[in-house]
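No experiment lies behind these values; they were computed from the predicted model shown.
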Amino acid sequence: MSVPIANLPFRQRPRERLLELGPHALSDSELLALLLGQGRRGASVLELAAELLAEHGGVAGLAEARPEELARRTGIGTAKAATIIAAFHLGARARHSVDTAVRLESAADVVGAARPLFAGARVERLLVLVCDAQNRLRRQVFVAEGAIDQVTIPVREILNTVLRHDGRAFALVHNHPSGDPSPSLDDRRATALLIDAAHTVGLRFLDHVVLAGEQWSCALPLLRVAD
């Protein structure tokens, strides 16, 4: 039978400890236990949280876990897996909030804005950098995620993302976990299709950058807009 937080001794309840002492007083296991809510048969929620952290090598490893990895574990399931993933992504967005003074005037600018969001990524992810008419960065939105070295470029979703956030221009960034930043033939073909599609709906395509650790390359040169 699972053990809910409410059944723990008062001084062991993470929620009460957080409210009384503040979040910094809680251990990683206690903070995770708050997200999980209850344990599993034969293990308290604190024990389950500790097991999960140990299995993934701590908070950093858990942050990179995929939903299906977490959901397969006894006592987690899809709902708790989604809660954990959502919490980490909210934290990441808070840490990497958009600096609205940033202008994407070169491929290096695109790399500088995007690289922190790919730290530790084990799978390919596709990021859209939404800009205003002056190329000022307004939003950073992940639109796809795939297996190792395999992510498709959803042209319609990319354009809808830019339009939904009132963008006028955008850049695209994806990573190669293999460590080779060279754009594939498919990367270049997809970029060409995206440029045409963006033009059709009145959006300016700025660049498509491929990241691989500290290295990067462009699928196509940056399209500069005259001042």
Side-chain angles (χ1 to χ4, degrees), residues 66 85 89-90 92-227:
R66 294 175 59 77
I85 297 296
H89 276 267
L90 279 173
R93 291 182 186 185
R95 289 193 303 274
H96 303 297
S97 58
V98 173
D99 182 352
T100 56
V102 171
R103 289 175 60 125
L104 303 186
E105 296 292 341
S106 68
D109 293 337
V110 174
V111 172
R115 176 172 277 151
L117 300 179
F118 287 89
R122 296 181 295 164
V123 298
E124 280 201 23
R125 293 172 177 168
L126 187 64
L127 178 70
V128 178
L129 303 180
V130 181
C131 299
D132 65 12
Q134 286 74 46
N135 290 6
R136 291 178 299 206
L137 184 60
R138 287 295 176 260
R139 292 275 184 161
Q140 298 163 299
V141 184
F142 281 104
V143 295
E145 183 174 284
I148 296 294
D149 293 333
Q150 186 176 11
V151 62
T152 57
I153 295 182
V155 173
R156 179 176 297 179
E157 177 61 24
I158 291 168
L159 299 181
N160 285 343
T161 296
V162 179
L163 293 171
R164 188 165 61 246
H165 293 293
D166 297 321
R168 295 295 179 268
F170 68 98
L172 198 65
V173 182
H174 82 274
N175 61 314
H176 281 179
S178 65
D180 181 2
S182 304
S184 67
L185 182 58
D186 285 341
D187 290 337
R188 294 187 183 279
R189 286 173 175 166
T191 304
L193 288 174
L194 190 55
I195 291 172
D196 290 341
H199 179 74
T200 300
V201 297
L203 297 174
R204 287 186 290 104
F205 177 84
L206 301 176
D207 202 7
H208 181 182
V209 171
V210 182
L211 295 177
E214 295 301 313
Q215 302 180 74
W216 59 272
S217 62
C218 296
L220 283 179
L222 183 70
L223 302 181
R224 295 294 298 274
V225 178
D227 294 332

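- For the salt bridge (Lys or Arg N to Asp or Glu O under 4.0 Å) condition, the pairs that include at least one residue of residues 153-173, sequence neighbours left out, are Glu157-Arg164.
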Stepwise side-chain contact (heavy atoms from CB on, under 4.5 Å) test for Leu129 and Leu104: CA-CA 9 Å; Leu129 303 180; Leu104 303 186; 3.9 Å; yes

Distance-only check: which donor-acceptor pairs under 3.5 Å involve side-chain atoms of residues 189-197, not counting sequence neighbours?
residue: Thr191; atom: OG1; partner: Asp187; partner atom: O; Å: 2.7
residue: Thr191; atom: OG1; partner: His208; partner atom: ND1; Å: 2.6

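- Of the inter-residue distances, the one linking Leu137 atom CG with Arg103 atom CZ reads 12.0 Å to the nearest 0.5 angstrom.
- Taking all atoms of both residues into account, the shortest heavy-atom contact from Phe118 to Arg125 is CE2-O, 3.4 Å.
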From CA spacing to verdict: side-chain contact (heavy atoms from CB on, under 4.5 Å), Val141, His165: CA-CA 10 Å; Val141 184; His165 293 293; 3.9 Å; yes

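- Note that CD of Glu145 and CD of Glu124 are 10.5 Å apart. Values are rounded to the nearest 0.5 Å.
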Test log, rule side-chain contact (heavy atoms from CB on, under 4.5 Å), inputs Val128 and Gln140: CA-CA 6 Å; Val128 178; Gln140 298 163 299; over 6 Å; no

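- Looking at Pro183 and Arg188, their side chains come closer than 4.5 Å, going by heavy atoms from C-beta outward.
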Working for side-chain contact (heavy atoms from CB on, under 4.5 Å), residues Phe170 and Ile158: CA-CA 9 Å; Phe170 68 98; Ile158 291 168; 3.8 Å; yes

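- Summarising the geometry of Ala212 relative to Pro181, their closest heavy-atom pair is CB-N, 3.6 Å, with the distance given to 0.1 Å.
- Here Leu172 contributes atom CG and Thr161 contributes atom OG1; the two are 10.5 Å apart, rounded to the nearest 0.5 Å.
- Between the CG atom of Leu203 and the CG atom of Leu163 there is a distance of 5.0 Å, given to the nearest 0.5 Å.
- The nearest pair of heavy atoms linking Ala114 to Val173 is CB-CG2, 3.8 Å.
- A donor-acceptor contact closer than 3.5 angstrom links the side chains of Ser182 and Asp180.
- The structure places OG of Ser217 at 7.5 Å from NE2 of His176, a figure rounded to the nearest 0.5 Å.
- The closest side-chain heavy-atom distance from Arg204 to Asn135 is below 4.5 Å.
- Judged purely by atom type and a 3.5 angstrom limit, Arg66 has no side-chain atom pairing as donor or acceptor with the backbone of Val123.
- Using a 4.5 Å heavy-atom cutoff, the side chains of Thr200 and Leu159 are not in contact.
- Closest approach of Arg115 to Trp216, counting heavy atoms only: NH2-CD1, 3.6 Å.
- Rounding to the nearest 0.5 Å gives a distance of 14.5 Å between CZ of Phe205 and NE2 of His199.
- Contact check for Leu206 versus Val110: no side-chain heavy atoms found under the 4.5 Å cut-off.
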